[in-house]
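Down below is the structure, laid out as structure tokens.
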Amino acid sequence: MSEPETIVITDPDADRYHTFSYISWWQQEVVRNARVLVVGAGALGNEVLKNLALMGIGNLMIADFDTIEDSNLSRSVLFRAKDNGRRKVDAAAEAVKELNPDVNVLTWHGDINFELGMGVFRHVDVIIGCLDNREARLSINRMSWAIGKPWVDGAIEELMGIVRVFWPGEGACYECTLTDMDYQLIGLRYSCPLLARQNLLKGKVPTTPTSASIVAAFQTQEALKLLHGLEVQPGKAMIINGLTNDIYTTEYPVKKDCLSHNRLEPIEELAGVETAVTTIGELLAEARQRLGPGTVLEFNGELVVSMRCPDCGQEEFIFKSMARLYENAADCPNCGGHRDMNLTHRISGTETFLDRPLAQIDIPPLSIIRARNGSERIYLELTGDVETFLTFS
Ligand SMILES: [Zn+2]
Ligand SMILES: [Zn+2]
């Protein structure tokens with residue numbers, strides 16, 4: 001027997017959320033305190049953000065890399081013609097505030113694949129993916145698995161839609177659903193060592209405002225259920241066929257050797273560490289305090305420390321993650337020759353740049369960095385960034 005719920009009915013004249021108070025399980029307090037990360041402010045993202053704002057979700061982080069063009073206007077309820085050329089995150093945030101001033105917003109303009117610290121995922125309640133490509137979905141999936149947070153995926157094409165909740169450890173994850181063909185398509189785009197990001201980020205999928213609003217509505221509802229602890233169906237897909245009006249669910253098998261099934265444990269929160277202030281040497285010292293003198297720090301990707309031109313001998317410090325460089329970054333600015341890169345993915349204490357703050361070696365705020373001593377490892381979260389980076393207003 002469950003306790004009868006107390007329903008508080010507010011004044012419809014004074015409370016914009018009045019109607020919600022009639023819903024037995026609805027907790028406006030939970031909704032108001034929620035932090036939701038919406039990745040992608042395109043057709044789906046617009047609709048999801050609109051719904052979240054109407055419901056009074058208290059804190060919205062909007063992540064996107066793109067700018068608005070007129071062709072977006074047919075499917076984007078938050079954008080206007082005058083927004084042409086603006087960042088999608090800025091126009092979306094403004095429209096959300098206009099729709100509901102109660103909502104606090106945080107915008108982040110960047111590439112989710114390489115530029116967002118994984119700790120951000122730990123400090124929000126739910127992640128909603130509003131994406132049009134496999135690469136970004138895979139990135140979200142791996143981060144969500146690594147730190148154990150559920151995410152809601154949505155996909156649209158013409159009048160078809162798919163909505164899926166992925167919950168690490170509960171049923172299949174997004175990568176479990178990938179076929180050899182999917183990997184091939186992702187591999188093709190990643191085949192260049194200095195990734196041609198311009199192309200990668202420009203996938204165009206035929207969509208309508210109706211399929212976007214249908215799928216986004218279900219996505220928002222799943223997020224709302226997750227926030228309230230209501231039952232969801234992780235690892236299953238809801239398929240919506242707008243041509244035949246069929247809606248059905250299908251369950252994916254869990255892939256045993258799925259590469260996403262990799263939890264970072266244990267994670268240590270370093271409240272005093274901030275990317276803008278703390279140096280890489282200081283972070284190494286923190287790691288050695290915990291794991292002993294031989295400890296090294298390891299990055300997931302390569303850091304380009306410098307580039308040197310074999311033709312003219314010119315050398316330049318870069319301090320950028322290789323994944324974030326464009327194809328032409330290796331061209332020598334002096335003679336046009338092809339420069340050699342000095343790369344590292346490990347900090348062992350002998351580096352000449354130990355006094356550089358983490359931000360100045362291209363480490364994003366709230367990153368989680370692996371510290372290893374032999375077979376022992378811990379994951380250090382740059383938690384000091386919560387105060388400065390994760391601020392909703
Ligand atoms: Zn999986
Ligand atoms: Zn040169």
Side-chain angles (χ1 to χ4, degrees), residues 37 39 112-113 116 118 121-122 126-155 162-187 189-190 193-194 219 222-223 226 231-239 249-265 267 300 304-320 322 325-343 368 370 379:
L37 166 58
V39 186
I112 188 85
N113 296 297
L116 189 71
M118 207 185 290
F121 277 45
R122 292 188 68 232
V126 182
I127 300 116
I128 308 182
C130 300
L131 303 154
D132 61 5
N133 67 84
R134 294 172 182 79
E135 290 84 355
R137 285 194 180 92
L138 188 54
S139 292
I140 290 185
N141 190 68
R142 288 188 173 169
M143 292 197 266
S144 121
W145 231 101
I147 57 93
K149 190 92 17 143
W151 73 284
V152 185
D153 180 40
I162 305 181
V163 180
R164 307 181 278 199
V165 174
F166 295 113
W167 196 323
E170 305 282 330
C173 76
Y174 173 70
E175 188 158 9
C176 290
T177 73
L178 293 185
T179 61
D180 289 345
M181 176 59 95
D182 291 318
Y183 280 112
Q184 263 180 34
L185 288 167
I186 295 170
R189 301 213 214 171
Y190 274 116
L194 281 186
Q219 281 185 280
E222 293 304 301
L226 283 166
E231 195 180 325
V232 293
Q233 298 185 30
K236 290 186 183 175
M238 178 197 285
I239 317 269
T249 55
T250 176
E251 188 167 1
Y252 297 105
V254 177
K255 223 194 275 174
K256 274 214 175 64
D257 51 356
C258 176
L259 294 171
S260 279
H261 301 182
N262 183 22
R263 185 71 64 92
L264 305 188
E265 275 176 332
I267 294 174
N300 276 333
V304 182
V305 176
S306 61
M307 290 196 197
R308 192 184 173 280
C309 178
D311 300 332
C312 72
Q314 200 226 44
E315 184 156 20
E316 184 192 359
F317 283 107
I318 305 289
F319 293 116
K320 267 202 158 206
M322 185 159 85
L325 292 176
Y326 290 106
E327 255 176 310
N328 58 5
D331 297 347
C332 175
N334 192 35
C335 75
H338 191 79
R339 298 188 287 178
D340 299 325
M341 291 188 280
N342 169 20
L343 307 172
I368 299 177
R370 184 168 59 240
Y379 295 87

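Keep in mind it's a predicted model, so treat the numbers as computed, not measured. We count ligands from 1, going down the list as the structure has it; atoms in each ligand are counted the same way. Position 1 is the first residue of the sequence; numbering continues from there.
The aromatic rings of W145 and H261 sit parallel, their planes meeting at an angle under 30°, below the 60° perpendicular limit.
Rounding to 10 degrees gives 100° for the angle at the Zn ion (ligand 2) between SG of C332 and SG of C312.
Taking 4.0 Å as the cut-off between side-chain N and carboxylate O, D153 and R164 count as a salt-bridged pair. Salt bridge K255/E175: absent, no basic N to carboxylate O contact under 4.0 Å.
Put simply, the side chain of R137 gets close to the backbone of L131: a donor and an acceptor are under 3.5 Å apart.
Distances from the Zn ion (ligand 1) under 2.8 Å pick out these protein N/O/S atoms: C173 SG, C176 SG, C258 SG, H261 NE2.
For the 3.5 Å distance criterion, the side chains of D182 and T179 qualify, holding a donor opposite an acceptor.
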Starting from the C-alpha separation in whole Å, work towards a yes-or-no answer on side chain to side chain contact (heavy atoms under 4.5 Å, CB included) for L264 and R370.
-> CA-CA 9 Å; L264 305 188; R370 184 168 59 240; over 6 Å; no

